[in-house]
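Working notes, beginning with the structure itself.
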Protein chains: 2
Amino acid sequence: MGIDRFMRLKEPKREKIVEGAVEEFSRYGFRQASLNRLAQSLGISKGSLFQYFGNKEGLFLFIFDQAVALVRKRLAQVKQETAEKDFFEKIRRSLAAGVDFLRRHPRVYRIYLKMLFQEDFPLRTELLHRVRLFSAEYLRPMVLKGMAQGEVRSDMDPDFVVFLLDAVMDRFLQAQCVSFLDGGTGLYEGSAEVTGRLIDALVEVLRNGLAGDGMGHAGSRSRGGAHDDSGLGVQVPGA
Amino acid sequence: MGIDRFMRLKEPKREKIVEGAVEEFSRYGFRQASLNRLAQSLGISKGSLFQYFGNKEGLFLFIFDQAVALVRKRLAQVKQETAEKDFFEKIRRSLAAGVDFLRRHPRVYRIYLKMLFQEDFPLRTELLHRVRLFSAEYLRPMVLKGMAQGEVRSDMDPDFVVFLLDAVMDRFLQAQCVSFLDGGTGLYEGSAEVTGRLIDALVEVLRNGLAGDGMGHAGSRSRGGAHDDSGLGVQVPGA
DNA sequence: GATAAAAATGACCACCTGGTCATTCGGCTC
DNA sequence: GAGCCGAATGACCAGGTGGTCATTTTTATC
């Protein structure tokens, strides 16, 4: 059929088409993306796009599948790398990996954001379920294990803990792309150093809010202590 | 010009038009919204819409201004009602008011969500700045006051605290509208009771993570104690 | 009821969309 | 160079868009 015809293309051209399509969808979402414009910006004819992908939806799904595979791969890598680490260190590393991914593939992330709130994507429901594996497959077991090991307080609904982690981590990533969400913290297109500090500060708050009794937070809480080895990103203004 | 011609309309018709427009924009965003479809569903001619609002953008701005006014009014009300309350009680009440608003005006909230991630809205930048007053005008002074009074730990960047609160509260609201974000917590279109419990659970985690030394959390933290007078929404599964 | 002013209408316009397909092109083999 | 065949092309289609405006309908005044 069509798609193997696309696969028969030579590498540079294939990559160029994928990149161009990612750019188009990330800028305009699905419906508002224009194959006329895409074809023109790629310097190929619109007819070819239809030969390769059948229709607009086919092109989008192809792009989307590639992106999901990319994310899964990276997450699996982090999971493996931090298998032996403390719960909150896992969180820290996951966040750092997220930031890194997003810097490397900003447009891929934007497609995801668009799809989240723009309801006219094709197969939106199914695709989002595929993407939200982040909570289902990644965070949830991590939380359950953390609870079992006493690192995370176990008197709360684990699903709710997952929800909180997901909320705060996702927003942290969004703030890197959407200037209105950074709230003066410097997250939006901030330097790696600033971002690193904020990750540490975030993880510390999470530790205070969620840590279990099994962990070694000595005093009333771990204020500045425990696992923080890079200086938490805090001003000390008044008191 | 046009808009006062709209104002001269009789009340039921005016309201019907506003409601129809909110429905259209909330379903389709700006670009994909169709004035043909809107006119037809309203049972008036397209020409009239242009007489009233000049163009599509004018109609959208009119709708948007009304919505912003609605939100401001409600927030001011909550601020006044909780002026004498504890910091975390303020947060709790604000969240509850947010949930309430969102149930009363679900389509207004959806327009906001669409605009956040769909970049082709007219005047998007300016409008979002106007809307994000939530952090700037509402949360920030609250946090600063909380820090000054020792209710909130003051060794962190206040902007970062605002960011965290904003993130978690916003996501909490989003989860009521977007099924993929609720993560099995039951927030998505959940009952008032479930939502109430989750608000309490959320505030408790925030208290543990952010409370200052001025507050009365006696032990290593306020586990289940302190200000929680409605039973925190927690299962007690294993331990 | 006649007249004038205001408001509602919908046919019409230029433009853009996703999608089609007969035609042309380009690189093989012999 | 001839012949072949898959690949690239872009004119073309039906359908939908925001926007216009001459015309008709409604309303108000006398």
For B:Q40 and D:dG18, give me the distance from atom CD to atom C1', rounded to whole Å.
16 Å
Contacts of type side-chain contact (heavy atoms from CB on, under 4.5 Å), residue B:K13, not counting sequence neighbours
B:L9, B:I17, B:I44, B:Y52
Here the distance between atom C1' of D:dG18 and atom CZ of B:F53, to the nearest Å, is 16 Å
How close or far is atom C1' of C:dA6 from atom CZ of B:F6, stated in whole angstroms?
17 Å
Short heteroatom pairs, N/O only, protein and nucleotides 14-19 of chain C, under 3.5 Å:
from	atom 1	to	atom 2	distance (Å)
C:dT17	OP1	A:S34	OG	3.0
C:dT17	OP2	A:N36	ND2	3.0
C:dG18	OP1	A:A33	O	2.6
C:dG18	OP1	A:K56	NZ	2.8
C:dG18	OP2	A:L35	N	3.0
C:dG18	N7	A:K46	NZ	3.3
C:dG19	OP2	A:K56	N	2.8
C:dG19	N7	A:K46	NZ	3.2
C:dG19	O6	A:K46	NZ	2.6

Close N or O pairs between protein and nucleotides 24-27 of chain D (under 3.5 Å):
none

If only side-chain N and O atoms of A:R5 are considered, is one of them under 4.0 Å from the OP1 or OP2 phosphate oxygen of D:dG6?
no
Taken to the nearest whole Å, CD/B:Q51 to C1'/D:dC21 is 9 Å
Quick check on D:dA7: is either OP1 or OP2 less than 4.0 Å from any side-chain nitrogen or oxygen of A:Y52?
no
OP1 or OP2 of C:dA8 sitting under 4.0 Å from any side-chain N/O of B:S45?
no
Selection residues 37-47 of chain A - residue pairs positive for side-chain hydrogen bond (donor to acceptor under 3.5 Å, both in side chains), sequence neighbours left out
A:E24-A:R37, A:N36-A:K46, A:S45-A:S48
So, using side-chain contact (heavy atoms from CB on, under 4.5 Å) as the criterion, who are the partners of A:R110 when residues are at least two apart?
A:S26, A:C177, B:E119
Does a side-chain N or O from B:K13 land closer than 4.0 Å to OP1 or OP2 of C:dA7, or not?
no
ring-ring contact (aromatic ring centres under 6.0 Å, His included) with A:F117: which residues, sequence neighbours excluded?
B:F117
Sorted by chain and residue number, the side-chain contact (heavy atoms from CB on, under 4.5 Å) partners of B:D159 (sequence neighbours excluded) come out as A:T185, B:R140, B:D157
Can you give me the closest heavy-atom contact between B:K56 and B:F30, atom names plus distance?
NZ-O, 2.9 Å
Atom CG of B:L38 and atom C1' of D:dG19 are separated, to the nearest Å, by 15 Å
From OH of B:Y28 across to C1' of D:dT17 the rounded distance in Å is 15 Å
Please state how far atom CG in A:L49 lies from atom C1' in C:dT20, giving the value in whole angstrom units.
14 Å
Run the side-chain contact (heavy atoms from CB on, under 4.5 Å) test against B:Q176 and tell me which residues pass, sequence neighbours left out.
B:V99, B:L102, B:R103, B:F172, B:L187, B:T195
Between B:K16 and B:E19, is there a salt bridge with N-O shorter than 4.0 Å?
no
Applying salt bridge (Lys or Arg N to Asp or Glu O under 4.0 Å) as the test, list every pair that has at least one member in residues 173-188 of chain B; sequence neighbours left out.
none
